[in-house]
Amino acid sequence: MQPTFSIIAPIYNEIGNLPELYRRVRDVMDGLGEPWELVLVDDGSRDGSTDMIRQLAQQDSRVSPVIFARNFGHQIAVTAGLDYSQGKAVVIIDADLQDPPEVVPELIAKWREGFQVVYAVRTEREGETWFKTATASVFYRLIYRITDVKIPMDTGDFRLMDRKAVNVMNHMRERHRFLRGMSAWVGFRQVGVPYKRAARYTGETKYPLKKMLKFASDAITGFSYFPLQLATFLGFLSAGISIVGIPVAVVLRLAGHSQLTGQATTLISVLFLGGAQLICLGILGEYIGRVYDEVKGRPLYIVSEEPADFHQPELINSKESTSNGQN
Ligand code: UDP
Ligand code: MG
């Protein structure tokens, strides 16, 4: 039977949070009186979370375990959850209980009003370092300015999506995924619901600075050409400066002022331009590397165990299958 609601949680070493996550999701969802499922995607955990997921699935058949062959990253884990979910409305939630399951009924209420994407907006953040809060705030504002898709500020992946929107998302097989951008991109009727983001229940963040930077660059390259245009802008700027500079230097020289010479000036301008060029090359490289990844067309993830009752004929896991309609 098709559940009405699917709750998706990506799991990477969350053994301390799993029982509490299950308990709170169950209590909230049972209160709604409609069939639901909890899709737990194990993203290559090494702390025993995998066994705990299996155990939860054995106790309660509404728990759907999707177990990856290795760690593929948060956004990919959520993507697998979307692929394997069967509900009419699908909610993405973090496993560390920072997104309180108790907010889900509010999202569902908006869905019942006819919205296809209901995203939760963080009005407050508890228990996060000022560094995380500050960088996140700068990041969301930057993304908002430089992308064409208006990605709502201060939203995470905590959101509800209607089956229609999920099906569209499932056909977007890009590798470097920024799901909150993609879900804004699909359109439909969207609305935000404010909530207070809690502190992590137990454990530590799985997003060290390196992953945060990768996430930010995926978001920017996935939704904007601004960094590429920066090279053009810098080019025009330095060409402009030299167009003004050349006659100035000539006139000064003819007038007998030759203070403009000097090795330091030359060296500095060469280093500056060399640096600017290398940075632009690097930016170009970021895009080209991503193009290469897309062209390879590898599957987004490898599943080593999937839910026993899973049957979704049009499950699409590779670029191939979307382009020629085969699996
Ligand atoms: N996560 C994952 N794979 C990873 C990193 C994180 O599935 O490689 C999951 C993690 O278990 C959690 C969610 O993604 O459910 C969000 O991670 P986290 O809470 O560490 O991020 P933060 O809230 O600190 O940004
Ligand atoms: Mg978290």
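Fair warning: this is a prediction, and the values are worked out from it, not measured in the lab. Both counts, for ligands and for their atoms, begin at 1 and track the order of listing.
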Rounded to the nearest 0.5 Å, how far does CG of Asp47 lie from CD1 of Ile11? 10.0 Å
Spell out, as yes or no, whether a donor-acceptor pair under 3.5 Å connects the side chain of Arg177 to the backbone of Met172. yes
Please answer whether the main-chain N or O of Ile67 pairs with a side-chain N or O of Ser304 as donor and acceptor at a distance below 3.5 Å. yes
Compute the ring centroids of [X] and [Y], then answer whether they are less than 6.0 Å apart.
X: Tyr301; Y: Phe68; answer: yes
X: Phe215; Y: His74; answer: no
X: Phe5; Y: Trp111; answer: yes
X: Phe188; Y: Phe115; answer: no

Run the side chain to side chain donor-acceptor pair (under 3.5 Å) test against Lys196 and tell me which residues pass, sequence neighbours left out. Glu126
Contacts for ligand 1, heavy atom under 4.0 Å, by chain and number, are Pro10, Ile11, Tyr12, Glu14, Asp43, Asn71, Gly73, His74, Asp94, Ala95, Asp96, Gln98, Lys132, Arg197, Arg200, Thr205, Lys206, Tyr207, Lys211
Apart from Leu273 itself, what residues make up its hydrophobic cluster, given side-chain heavy atom links below 4.5 Å? Phe272
Near the Mg ion (ligand 2) (protein N/O/S, cut-off 2.8 Å, waters excluded) we have Asp96 OD2, Gln98 OE1
